[in-house]
Trainee: 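Sharing a structure here in structure tokens format.
Values below: every heavy atom of this structure, side chains too, minus hydrogens, waters and symmetry copies.
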Amino acid sequence: MKKSIASLSALLIAGSLLLSACSSDKGGNSANESANTPAASPTASAPADSGVIQASDLSKLPDTAKQRTDTIIVGLTDPSGAFTPYFHQSGYDGNVSSLLYTPLVTVDNKGVPIPALAESWDISPDNLTYTFHLRKDLKFSDGSPLTADDVAFTWTLLHDKAYDGDSQIPALHVKGGEAYKEGKASSIEGIKVIDPLTVSVTLEQPNASALTTLGSDVLSKAYYGKDYKFGQLDYIKKLHEKPVGTGPYKLEKFIPGQEVRFVANEYYYKGKPKTEHFIYKTSEGDTWQFLETGEIDFASFSATQENIEKLKSLGFVNILPYTPSTYGYLQVNLEHEALKDKKVRQAIAYGLDRQSIYVDANQGAGAVANIPSSPISWAYTEEGINPYKYDPEKAKALLDEAGWKVGADGIREKDGKQLTIHYLGSKKKDTDIFIAVAKENFAELGIKFEPEVFADFNALVSKVEGGDYDLASFSTPLLTDPADGLIQFVDGEIKGYDNPKFKELYDKGLATNDLEERKQIYKELFQLANDELPVIFTNYRKTVYAYNGRIQNLDVSPFNGIAPSLPDWYLQ
């Protein structure tokens, strides 16, 4: 799928583990900003979660886990195998990619940009020209050198007319980018290779997210550009199986439906990772069972007291509370006639008991969401926001106003058609809870409810791509900038939603680096999304990570998850 279900799908590793930032063109890690760097937008601190609850009795560790000395195993919902940055088919592909590639620029635990492959950067006073200074002696995982030519190639490739992935680099309006895309120029005017370690890019207009967007992953020109011909990018698919990256690990083997095997990258710029082997276990199964038997070393669960007490009783796991910078939502098929009507969408928001589904059923391990932003974001606001508290009578009144009248069999009808909701969800406990409550809620409203559950996430994505649905449950990956949570509403991914005012405000929010000005713009955007409901916002999660007490150096970032610390993990 082109964008948000590729980049904004739920990164639910072993129950909700989040490893990487918003999309494949975001991410990264390390600091030395130029004096000309615009004020970093995010200023939120890490979530106020309590510290790690240490394992009480490591002697209870299962023999299976005890016997591992150089391998750490983590659960992951099945990726598709498209592990090349900018070409992912799902967020799970991005979790794999986050270990295979390192960006030029990343963010710290407060969301402030810091260096990764680029040791520093300069930004012109007009905020249009970005000059990146690469670290010396950088190498790709095949041992070949990484230079400014590779960075320029990556930016250029993403402006190809055949590119339809999720990168936001083409949306930055690089000078000459459109001419290249249209075939009117053989290179992009605004991209300049100054020397092997220095590359610059000039934009046509300021963009507050440009630094981290431009500072994303780098593709090897020698490898990914060898067969490149303008307008023809299908060849990239053949290279997904053998990625050449810059991350802490190299892909050893991908067995669809079973596992993704990695081996430490000796060319990683920070030095070879402390643990030689890393495995994503992708086969379907009971996460609790895998953790209890030692088949996996790391899992994530809702932060209910029941779960925490159960994890404590295991004795051999450390428990880390965590509030991620994400939000959940029901994607709405706005091309279906009934759901084009804002009143129907608002009726669904009022008519679904989201408090019971997402908060009470999880023993308070979450909160109801009403805007496309995480509460830990500096832009988050509740001012002027409709909470859509559960009110079936309000929902019924809105459906009446929209012309949907209750028929003889209790199902609402309009123009001879019944009001039906075909819902898609992933096979998990949360989906079971949603279906049980929604079934009662929709019956009371006079809506025919038809749920469909998928054991395979990629099959769910395919169904959504085909348009055969009304509502589908998703969650965003980690959001760094407030614009990250809004992109799906302006890039065409939410088919049927095309609001010029929303796009105008979105562009305005990126055109300034003034934090207070951006806050006001995003407040207006959140109020607009809250009113129009291009998706129906559902929840914010509170989770706990449970991991083998032998694992050392594990850390978590509210914006980058565990990916930054993973190269330093080792088994004591």
Trainee: Checking side-chain contact (heavy atoms from CB on, under 4.5 Å) between L339 and each of I536, L533, V344, which is the one that passes?
Mentor: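 Going through the options one by one, the only one that passes is V344.
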
Trainee: Go through the side-chain N and O atoms of H336 and D470 and say whether any donor and acceptor fall under 3.5 Å apart.
Mentor: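 The criterion, which ignores hydrogens and geometry beyond distance, is satisfied for D470 and H336.
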
Trainee: Do T213 and Q168 get their side chains close enough for a donor-acceptor pair, meaning under 3.5 Å?
Mentor: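 On atom types as modelled, these side chains do not qualify, holding no pair under 3.5 Å.
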
Trainee: Taking the six-membered ring of W378, is the NZ or CZ of K519 close enough (under 6.0 Å from the centre) and on axis enough (within 45°)?
Mentor: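 Cation-pi check for K519 and W378: fails.
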
Trainee: Run through Q331, E450, E452 and flag the one making a side-chain contact (heavy atoms from CB on, under 4.5 Å) with L424.
Mentor: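 Of all the options given, the one that passes is E452.
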
Trainee: Do K161 and F230 form a cation-pi contact, if we require the NZ or CZ to be under 6.0 Å from the six-membered ring centre and within 45 degrees of the ring's axis?
Mentor: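 Not satisfied by the 6.0 Å and 45° rule.
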
Trainee: Of all residues at least two apart in sequence or in a different chain, which pass the salt bridge (Lys or Arg N to Asp or Glu O under 4.0 Å) check with D498?
Mentor: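 Testing D498 for salt bridge (Lys or Arg N to Asp or Glu O under 4.0 Å), a comparison that skips the adjacent residues, returns K503.
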
Trainee: Checking E259 now: which residues fulfil salt bridge (Lys or Arg N to Asp or Glu O under 4.0 Å) with it, not counting sequence neighbours?
Mentor: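 Only R261 meet the salt bridge (Lys or Arg N to Asp or Glu O under 4.0 Å) criterion with E259.
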
Trainee: Is P372 close to F526 at the side-chain level, that is, under 4.5 Å between some pair of heavy atoms?
Mentor: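 With C-beta onward as the side chain, the pair touches.
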
Trainee: Give a yes or no on whether K429 atom NZ has more than 12 heavy-atom contacts from other residues, nucleotides or ligands under 6.0 Å away.
Mentor: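 Not more than 12 within 6.0 Å, no.
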
Trainee: Identify every side-chain donor-acceptor pair in residues 411-421 under 3.5 Å, counting partners at least two apart or on other chains, and give the distances.
Mentor:
from	atom 1	to	atom 2	distance (Å)
R412	NE	L445	O	2.6
R412	NH1	D400	OD1	2.7
R412	NH1	W404	O	2.7
K414	NZ	A402	O	2.8
Q418	NE2	D409	OD2	2.8

Trainee: Please report, to 0.1 Å, the donor-acceptor pairs under 3.5 Å made by any side chain of residues 349-362, with sequence neighbours excluded.
Mentor:
from	atom 1	to	atom 2	distance (Å)
Y350	OH	N386	ND2	3.0
D353	OD1	S356	N	3.3
D353	OD1	S356	OG	3.3
D353	OD2	S356	OG	2.6
R354	NH1	A369	O	2.8
R354	NH1	N370	OD1	3.1
R354	NH1	F537	O	2.8
R354	NH2	N370	OD1	3.0
R354	NH2	P387	O	2.9
R354	NH2	Y388	O	3.2
Q355	NE2	D360	OD1	3.2
N362	OD1	S302	OG	3.4
N362	ND2	Y358	O	3.3

Trainee: Please indicate whether E382 has more than 12 foreign heavy atoms, meaning atoms of other residues, nucleotides or ligands, lying under 6.0 Å from its CD.
Mentor: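 12 or below, so no.
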
Trainee: Give me the one residue out of K508, K501, R518 that meets salt bridge (charged side-chain N to carboxylate O under 4.0 Å, His left out) with E524.
Mentor: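 Single salt bridge (charged side-chain N to carboxylate O under 4.0 Å, His left out) partner of E524 among K508, K501, R518: K501.
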
Trainee: For E335, enumerate each residue passing the salt bridge (Lys or Arg N to Asp or Glu O under 4.0 Å) test, keeping only those at least two apart in sequence or located in another chain.
Mentor: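 E335 satisfies salt bridge (Lys or Arg N to Asp or Glu O under 4.0 Å) with no other residue.
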
Trainee: With no hydrogens and no angle check, just 3.5 Å: does a side-chain donor-acceptor pair link Y224 and T154?
Mentor: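 No, no side-chain donor-acceptor pair sits under 3.5 Å.
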
Trainee: Is the distance between the ring centroids of Y163 and F87 under 6.0 Å?
Mentor: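 They qualify: ring centres under 6.0 Å apart.
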
Trainee: Can you list the residues that meet the salt bridge (Lys or Arg N to Asp or Glu O under 4.0 Å) rule with K343, with sequence neighbours excluded?
Mentor: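 Salt bridge (Lys or Arg N to Asp or Glu O under 4.0 Å) list for K343, sorted by chain: E401.
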
